[in-house]
2 protein chains.
Amino acid sequence: MANTSSRTLRLLSLLQTHRYWPGEELATRLGVSVRTLRRDVDRLRELGYPVEANRGVDGGYQLAAGAALPPLVVDDDEAVAIAVGMQAATQGAIPGIEESAIRALTKVVQVMPPRLRRQVDALRAVTVPSGFGQYAGPPPLEPEVLIVVAQACRDSERIEFGYTGHGAAATERHVEPHRLVPLGRRWYLVAYDLTRHDWRTFRMDRLTSPRRTGARFAPRKLPGEDAAAFVRAGLKERQAGYAVEVVVHATAEVVRARLERWATIEEIDAGSCLVRMNTDSLDWPAMALGSIGAEFEVRSPPELITMLAEWSARFGRAV
Amino acid sequence: MANTSSRTLRLLSLLQTHRYWPGEELATRLGVSVRTLRRDVDRLRELGYPVEANRGVDGGYQLAAGAALPPLVVDDDEAVAIAVGMQAATQGAIPGIEESAIRALTKVVQVMPPRLRRQVDALRAVTVPSGFGQYAGPPPLEPEVLIVVAQACRDSERIEFGYTGHGAAATERHVEPHRLVPLGRRWYLVAYDLTRHDWRTFRMDRLTSPRRTGARFAPRKLPGEDAAAFVRAGLKERQAGYAVEVVVHATAEVVRARLERWATIEEIDAGSCLVRMNTDSLDWPAMALGSIGAEFEVRSPPELITMLAEWSARFGRAV
DNA sequence: GCCCTCCGGTCAGTTTCTGTCCTAAATTTG
DNA sequence: CAAATTTAGGACAGAAACTGACCGGAGGGC
């Protein structure tokens, strides 16, 4: 405990939790002389962490932004927040960061004491998943499943799991996991199937109770170039999804203010514009159209027309 | 660079990025003998980080979950993911973790190199905010504002900002920030106003361009017990919000499957149930009711009835 | 039973660390 | 402008540690 490296770590932690510290206080907290504290600060600086110092009255030390990221010293609550947030992110709440999020998530979860994992589980139960419309979109994925598989990928460890293929019966698989690929709003696992002796793509939401076997393997080379390309190539079933096209009788400006983030909007004339969006679920285009508060006509898909007619009738009966 | 503590940190980092390492490889990477590596591992264990070791063929070291959280060694992408995720979390995407999220966020942002901050900003632009219906709910809050104020709270640093009170003119404030309180779906700042010489509560979404003055202060004691209580007491304007109550003619089971997470469902009889939810925006109850696909009657609020009638008419004309 | 890997003791030489001086430099305050 | 405060950093000596080399042991997998 009286170690130098431990102290350096504690110093880093102090600098992260409270930005500004006078030298004397830091020295007292760490139980060393001020001179040694200065040396510790020097050490941190040599390691690339930019500790800034102010002289004079009310001087002190603070950690600035540097070229490299220092290790994050987080407390329990913060770790839970990160874990829960990263779980949400892997579910597509924030497009584009799914992969980084799953890596961060495995790191946090790996070192998390059990009591914190329980907190995370408890919080997950009350969490609003990603966007709305999610529940009608892809089936929600157990974060637990994702984490186990991600860890196995990272550590080159064989896993077994149950898999229910497209309309097929449930089978038991034994594979060497290679990469996890987020595509569209789904996760896919690229793995070498040890029973079929070939590379396969598995949809993560069809995969149940993965178990780590503890057996490690030397990673094979994937035949294609890229795991993502491999998944795309193997995707026979096209993304279902709907391409929605609607003419809204309102100025493009008004429509943009509401839908800019979720749809592309083209102005037709001063009083109307064309709204396009791609979506798995028709529920939220309906909601979007309702909430704009303007007249509109649906160009496609026909399913949306049917659905709106049905909603209209039902809403009419309800009020 | 050849330091012991630096090496210990690097070892910790290695153990976090790739779970399983043979001792020899670790030793080579760290540039020390195997014996010294073993001593380093011992050091980590003494610091409370449980490094497990496997003997025999294919043996190696791995980091397990322990009692304490080790410093998280994250790479650039992961840091960006954490920052973006925590920003979303502070906006109420995941109820209950706002405060921890803002603390984690300030920690990450504080040490983040500028190039990564730019990435975070770029990602924020394309981010779908928290839940849908958000855009009709509370005005979105600039994460930048939240971060600046949170840092100032943490570091006991005076700030200045513009504030547009409830129906009042814009004023310039100079305060000693005390605490940030998430309440409902909004953030409030409890601070000592240096012009008015009294404690005040500020709604964060009405606060513009906060500037850190660099002047630190000795924290005063808040008169009441709790910052959260102080905010609640000062809240004259009640949360607008709607309490939605709807009878749905479907089995409770079916409705639960769809709405369990966002609403409370009470069974009335075998064929109908009562759905309650609280929301700022009526759009998404409408969408939820539409997507269930069952008949229903609205009990309250009257605004929902009006809105549904209007939607019904408009949908009818559209198809 | 054999091989591979981690485990930990001992020892000597070297390095580093620490506290106590000291002076210098920067910055705020009066 | 001077005083006070606070970081910066050199010198030094003693204590503490770290390191590599060597060793026999122990546990796991084939």
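Proteins come first, then strands; the chains are lettered A, B, ... in the order of their sequence lines, and each starts at number 1.
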Whole-Å gap separating [atom2] ([N]) and [atom1] ([X]):
X       : N      : atom1 : atom2 : value
B/Arg45 : C/dC6  : CZ    : P     : 11 Å
B/Tyr20 : D/dG28 : OH    : P     : 12 Å
B/Leu26 : C/dT5  : CG    : P     : 13 Å
B/Leu11 : D/dT19 : CG    : P     : 12 Å

Side-chain donor-acceptor pairs under 3.5 Å in residues 60-75 of chain A, sequence neighbours left out?
unit_1, atom_1, unit_2, atom_2, d
A/Asp75, OD1, A/Asp77, N, 3.2
A/Asp75, OD1, A/Glu78, N, 2.9
A/Asp75, OD2, B/Arg103, NH1, 2.8

Qualifying residues under salt bridge (Lys or Arg N to Asp or Glu O under 4.0 Å), relative to [X], sequence neighbours excluded:
X        : value
A/Arg179 : A/Glu99
B/Asp155 : B/Arg212
B/Glu52  : none
A/Glu25  : A/Arg29

So, using side-chain contact (heavy atoms from CB on, under 4.5 Å) as the criterion, who are the partners of [X] when residues are at least two apart?
X        : answer
A/Arg115 : A/Asp76, A/Pro113, A/Arg118
A/Val109 : A/Leu105, A/Arg117, A/Ile147
A/Arg35  : A/Ser33, A/Arg38, A/Arg39
B/Thr213 : B/Arg158, B/Glu160, B/His174, B/Ala215

Of residues 28-40 of chain A, the positions that come close to DNA chain D - non-hydrogen atoms, cut-off under 4.0 Å: A/Arg35, A/Arg38
Short side-chain to backbone donor-acceptor contact, B/Trp187 and B/Glu98, under 3.5 Å: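 Not confirmed, B/Trp187 side chain does not pair with B/Glu98 backbone.
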N/O (side chain, B/Arg7) to phosphate O (OP1/OP2, C/dT16) under 4.0 Å: no
D/dA17 phosphate, OP1 or OP2, under 4.0 Å from B/Arg43 side-chain N/O: no
Passing candidate, side chain to side chain contact (heavy atoms under 4.5 Å, CB included) with B/Arg10, options B/Asp40, B/Leu15, B/Leu30: B/Leu30
Atom pairs under 3.5 Å: protein N/O with N/O of nucleotides 2-6 of chain D:
unit_1, atom_1, unit_2, atom_2, d
D/dT6, O4', A/Gly56, O, 3.1

Inter-axis angle, terminal five-pair segments of the helix from C/dG1-D/dC30 to C/dG30-D/dC1 [nearest 10°]: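 If I round to tens, the end axes sit 60° apart.
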